[in-house]
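Reckoned from all heavy atoms, side chains included, excluding hydrogens, waters and symmetry mates. Counting starts at 1 for both ligands and their atoms, following the listed order.
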Amino acid sequence: MKKAVYPGTFDPVTNGHLDIIKRGSIIFDTLIVSVGRNPLKETLFSVKERMEMIRDHVREFKNVEVDCFDGMLVDYLKKQQTNIILRGIRTVSDFEYEFQRALTNRALSKEVETVFVMTSEQYSFLNSTLIREVVSLGGSVNQFVPPDVERRLKEKFKQMYRKNS
Ligand code: ADP
């Protein structure tokens, strides 16, 4: 039984992430999509909200579970009893960053393997930061995220603007 963990910030989940989840669910017997709680990264959505948004879109994949973790990914892998990390690659610039992370994780725990999956080209330019920025400026992101994620983004910025005005 091959089990992998797909870790990320998912702030929020995009069609690009969902594409990687779908591909991962075909490769592995079990795929755990796990939202990282990173104290160095300020996020728009809470861990609970990010998990809810992912959960709503992975119901169709019977072998995909949604979880969260804090602390070191290598420790979380041990807890999940696997040594496989799944990550998505969009562009050449992703490669360098992902390569460093994969080697760091391997240095921290030598049995860890990172498996990279290429995104579909229509999602290759997508990232959560840009999506948050477009919505914060009043733009539409309906081709990049599921409708309920766009709705939550708009609601979040509305609340923020209300609080700050
Ligand atoms: P992190 O902060 O861990 O990089 P992200 O949520 O930004 O978290 O990304 C998680 C993983 O998903 C990374 O491997 C990233 O390369 C991948 N990813 C992000 N956006 C896309 C996309 N549009 N297509 C494919 N993979 C993506």
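With no hydrogens or angles considered, no side-chain donor-acceptor pair links D19 and Q122 at under 3.5 Å. Side-chain N/O atoms of S34 and Y76 include a donor and acceptor closer than 3.5 Å.
In terms of protein heavy-atom proximity, atom 22 (C) of ligand 1 is nearest to R90 CD, 3.3 Å. The nearest heavy-atom contact from the protein to atom 26 (N) of ligand 1 is I20 CG1, 3.5 Å. Protein heavy atom closest to atom 18 (N) of ligand 1, with residue, atom name and distance, is H17 CD2, 3.8 Å. For atom 25 (C) of ligand 1, the nearest protein heavy atom (residue, atom name, distance) is T119 CB, 3.3 Å. In terms of protein heavy-atom proximity, atom 12 (O) of ligand 1 is nearest to Y6 OH, 2.7 Å. The closest protein non-hydrogen atom to atom 1 (P) of ligand 1 is T9 OG1, 3.5 Å. Of the protein's non-hydrogen atoms, R87 NH2, 3.1 Å is the one closest to atom 4 (O) of ligand 1. In terms of protein heavy-atom proximity, atom 15 (C) of ligand 1 is closest to G88 O, 3.7 Å.
Q81 CD: 12 or fewer foreign heavy atoms inside a 6.0 Å radius. The environment of CZ in R106 is sparse: at most 12 heavy-atom neighbours from other residues, nucleotides or ligands sit within 6.0 Å. Atom CD of E42 sits in a sparse spot, with 12 or fewer heavy atoms from other residues, nucleotides or ligands closer than 6.0 Å.
For F116 and F99, the ring centers are positioned 6.0 Å apart or more.
Residues forming a salt bridge (charged side-chain N to carboxylate O under 4.0 Å, His left out) with R59 (at least two apart in sequence, or on another chain): D56.
Each of the atoms 22 (C), 23 (N), 24 (N), 25 (C) of ligand 1 lies under 4.0 Å from some heavy atom of G16. Of all atoms in ligand 1, listed by their number and element, those nearer than 4.0 Å to a heavy atom of F10 are 6 (O). Contact atoms of ligand 1 toward L126: 20 (N), 22 (C), 23 (N) (distance under 4.0 Å to a heavy atom of the residue). When each atom of ligand 1 is checked for a heavy atom of G8 under 4.0 Å away, the hits are 3 (O), 8 (O), 10 (C). The ligand atoms of ligand 1 that sit less than 4.0 angstrom from a heavy atom of K41 are 1 (P), 2 (O).
At a 4.0 Å cut-off, not a single heavy atom of N127 sits close enough to ligand 1 to count as contact. Between M118 and ligand 1 there is no heavy-atom distance shorter than 4.0 Å. Not a single heavy atom of F125 lies less than 4.0 angstrom from ligand 1.
Atom CZ of R90 and atom CZ of F125 lie 11.0 Å apart (nearest 0.5 Å). Separating the CZ atom in F69 from the CG atom in N38 is a distance of 8.5 Å, to the nearest 0.5 Å.
Electrostatic pairing of K154 and E150 counts as a salt bridge here, judged by a charged N lying under 4.0 Å from a carboxylate O.
Backbone and side-chain nitrogen or oxygen atoms of Y123 are examined, and one is located within less than 3.5 angstrom of a nitrogen or oxygen of ligand 1.
Evaluated for a side chain to side chain contact (heavy atoms under 4.5 Å, CB included) with K3, the options T30, D29, N63 yield exactly one hit, T30.
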